[in-house]
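This report refers to the structure that appears directly beneath it.
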Amino acid sequence: MSKLYVGSEVGQLRRVLLNRPERALTHLTPSNCHELLFDDVLAVEAAGEEHDVFANTLRHQDVEVLLLHDLLVETLAVPEAKQWLLETQISDFRYGPLFAHDFRHYLAEMDNEHLATILLGGLAYSELPIKSASILPKMHRPLDFAIEPLPNHLFTRDTSCWVYGGVSLNPMMKPARQRETNHLRAIYRWHPTFAGQDFIKYFGDEDLHYDNANIEGGDVLVIGKGAVLVGMSERTTVQGVENLAAQLFKHGQAKQVIAIDLPKHRSCMHLDTVMTHMDIDTFSVYPEIMRKDLDTWSLTPETNGEIHVEQAESYISAIESALDLDALKIITTGGDSYEAEREQWNDANNVLTVKPGVVIGYERNVYTNEKYDKAGIEVLTIPGNELGRGRGGARCMSCPIERDDI
């Protein structure tokens with residue numbers, strides 16, 4: 001039986017969770033896309049076809065691909081899971097007790113395939129045939145969403161992240177994404193692939209309001225040898241990082257967390273949009289953001305259960321010492337400064353490493369891909385004309401569940 005374990009960013013990738021974009025994208029419009037954290041609307045069929053190329057590229061590299069929609073359907077087949085998800089996603093607090101009761105009853109009658117599609121893709125009030133005494137539906141227009149679509153579920157990296165022998169179920173920063181985590185909580189609790197397996201849940205699995213402790217997987221790089229690199233970004237807070245670090249140390253799963261203070265704006269929404277690990281000693285970096293003077297801290301466990309925090313000289317020296325390397329190879333975004341800025345926006349730095357020195361990236365980032373190639377990194381290119389509009393590359397769109405150490 002293969003193990004649920006992610007030991008690095010660059011060791012051989014064995015199993016990964018993706019989410020093929022479907023119904024949620026059909027609900028993206030120019031008037032709602034910004035609220036749903038997209039900069040643009042996508043051509044749905046084309047986005048799905050591009051995603052299939054991505055999934056097949058992984059399969060050709062001997063990676064097992066799990067699809068979120070399928071896992072959710074199989075999880076809903078467990079009665080306890082279905083009941084929990086309906087009570088959690090269609091809660092009395094979210095909808096009021098009258099409407100929530102009627103709405104849950106309606107959804108519970110659906111077959112699991114259809115229900116999964118609705119939970120991921122959304123539902124408008126006009127599509128609801130139910131009569132309810134509640135005032136709520138009477139106060140909504142027909143095209144308002146009774147269940148908001150979750151187009152950002154495409155980026156499976158953020159919702160949960162596997163770090164060594166366990167997983168963090170991430171309390172997301174933006175309301176448009178917070179419901180995503182409940183789907184993963186249900187899957188990891190009840191789906192046969194995960195239920196009863198030996199793994200730790202570090203954080204985010206309780207029915208709590210996590211307040212300011214936000215963390216998203218795009219900011220978490222499992223760089224290997226017991227070290228974890230985390231960006232404090234637009235969407236990951238210090239509180240989130242320190243909570244995750246405390247749990248990693250408590251369970252003896254990490255020796256060090258390196259935390260980098262990133263600028264808080266959308267173009268570098270997560271650490272992995274400006275920096276990814278491509279080979280044991282090689283990182284891709286967008287130099288406009290990843291300057292050497294970014295404040296960096298090293299967190300290590302004390303014997304009494306406390307955490308020792310000290311400021312590092314730079315993130316580069318911190319990584320070199322954590323990975324026991326003389327010098328890191330840094331490959332910067334390609335082209336002149338205009339081209340580099342455009343390619344970073346189109347996720348040239350957000351590549352998914354499948355094994356040391358072999359990465360998947362968008363074919364449109366020609367200047368950067370050429371630089372990778374010259375540096376001895378093999379780039380398996382995938383089309384991203386539609387997928388890229390969501391501001392996420394191959395790393396964002398994948399959640400490794402099993403990967404070798406370095």
Side-chain angles (χ1 to χ4, degrees), residues 8-10 215-216 218-238 240-242 245 254-300 308-351 353 356-357 359 361 365 367-372 374-377 393 395 406:
S8 65
E9 289 288 312
V10 300
I215 195 157
E216 303 197 356
D219 283 312
V220 180
L221 275 62
V222 184
I223 56 174
K225 300 195 172 172
V228 184
L229 181 69
V230 188
M232 296 175 292
S233 66
E234 182 197 49
R235 304 197 183 167
T236 291
T237 59
V238 181
V241 175
E242 290 184 355
K255 293 190 295 210
Q256 183 187 18
V257 172
I258 302 165
I260 310 179
D261 186 19
L262 297 175
K264 314 291 183 256
H265 50 75
R266 180 162 172 80
S267 65
C268 65
M269 142 186 28
H270 291 128
L271 177 61
D272 69 6
T273 60
V274 286
M275 177 175 190
T276 43
H277 200 175
M278 310 174 86
D279 200 343
I280 291 169
D281 61 353
T282 308
F283 284 82
S284 88
V285 161
Y286 180 53
E288 289 294 305
I289 299 287
M290 296 307 295
R291 302 184 319 276
K292 294 215 170 48
D293 62 354
L294 289 175
D295 282 334
T296 302
W297 288 270
S298 163
L299 287 71
T300 47
H308 177 73
V309 181
E310 68 178 84
Q311 189 142 9
E313 189 189 329
S314 73
Y315 70 87
I316 293 184
S317 65
I319 294 169
E320 286 167 350
S321 109
L323 295 183
D324 210 12
L325 298 167
D326 293 335
L328 286 190
K329 289 186 194 148
I330 300 285
I331 309 174
T332 54
T333 321
D336 63 27
S337 54
Y338 297 108
E339 287 150 1
E341 186 180 340
R342 282 180 34 198
E343 294 204 349
Q344 185 272 327
W345 182 243
N346 290 319
D347 288 294
N349 300 100
N350 186 267
V351 294
T353 306
V359 304
N365 294 313
Y367 296 101
T368 308
N369 289 346
E370 203 173 293
K371 270 183 101 166
Y372 294 157
K374 280 189 180 135
I377 301 288
R395 188 179 191 275
I406 51 172

Exercise. Closest approach of Tyr315 and Arg291, non-hydrogen atoms and distance?
Worked result: CE2-O, 3.3 Å

Exercise. Do Asn350 side-chain atoms and Asp272 backbone N/O form a donor-acceptor pair below 3.5 Å?
Worked result: yes

Problem set entry | Derivation and outcome, side chain to side chain contact (heavy atoms under 4.5 Å, CB included), residues Phe283 and Ile223 | CA-CA 10 Å; Phe283 284 82; Ile223 56 174; 4.0 Å; yes

Exercise. So do the side chains of Tyr286 and Thr273 get within less than 4.5 Å of each other, counting heavy atoms only?
Worked result: no

For this session: Say whether, by atom type as modelled, one donor and one acceptor occur between the side chain of Glu320 and the main chain of Leu328 under 3.5 angstrom.
Result: yes

Problem set entry | Nearest-0.5 Å distance, NZ of residue Lys225 to NZ of residue Lys255 | 8.5 Å

Exercise. Going through the checks in order, is the side chain to side chain contact (heavy atoms under 4.5 Å, CB included) test met by Tyr367 and Arg342?
Worked result: CA-CA 10 Å; Tyr367 296 101; Arg342 282 180 34 198; over 6 Å; no

For this session: Could you check Ile377 against Lys329 for side chain to side chain contact (heavy atoms under 4.5 Å, CB included), going step by step and ending with a plain yes or no?
Result: CA-CA 11 Å; Ile377 301 288; Lys329 289 186 194 148; over 6 Å; no

Exercise. From Asp336 CG over to Glu341 CD, what is the distance, rounded to the nearest 0.5 angstrom?
Worked result: 10.5 Å

For this session: Please confirm whether the backbone N or O of Leu294 pairs with a side-chain atom of Thr296, one donor and one acceptor, at under 3.5 Å?
Result: yes

Problem set entry | Stepwise side chain to side chain contact (heavy atoms under 4.5 Å, CB included) check, Val238 with Trp297 | CA-CA 11 Å; Val238 181; Trp297 288 270; over 6 Å; no

Seminar exercise, completed: Nearest heavy-atom approach of Thr333 to Pro287 is OG1-CD, 3.9 Å

Problem set entry | Glu9 and Thr276: side chain donor to acceptor below 3.5 Å | no

For this session: State, with a plain yes or no, whether a side-chain heavy atom of Ile215 is found less than 4.5 Å away from one of Val220.
Result: yes

Exercise. Is there side-chain contact between Leu271 and Val230, with heavy atoms separated by less than 4.5 Å?
Worked result: no

Seminar exercise, completed: Heavy-atom nearest pair, Val257 first then Ala245, reads CG2-CB, 3.9 Å

Problem set entry | Closest contact, heavy atoms only, Ser298 versus Gln256 | OG-NE2, 2.9 Å

Problem set entry | Shortest non-hydrogen separation from Ala259 to Met232 and the atoms involved | CB-CE, 3.8 Å

Exercise. Can you find a side-chain donor-acceptor pair between Glu343 and Thr368 that sits under 3.5 Å?
Worked result: yes

For this session: Answer yes or no: is there a side-chain heavy-atom contact under 4.5 Å between Leu323 and His277?
Result: yes

Exercise. What distance separates Asp279 CG from Ile406 CD1, expressed to the nearest 0.5 Å?
Worked result: 9.5 Å

Exercise. Hey, are the side chains of Met290 and Ile260 touching, using non-hydrogen atoms and a 4.5 Å cut-off?
Worked result: yes

Exercise. Should the heavy atoms of other residues, nucleotides or ligands under 6.0 Å from CG of Asp293 be counted, would the total exceed 12?
Worked result: yes

Problem set entry | Point-to-point distance, once rounded to the nearest 0.5 Å, from CD of Gln344 to CD of Glu288 | 9.5 Å

Exercise. Quick one: CD on Glu234 to CG on Asp219, what's the gap to the nearest 0.5 Å?
Worked result: 9.5 Å

Problem set entry | Nearest-0.5 Å distance, CZ of residue Arg235 to CD of residue Glu216 | 5.5 Å

Problem set entry | Heavy-atom pair of closest approach, residues Met269 and Ser233 | O-OG, 3.1 Å

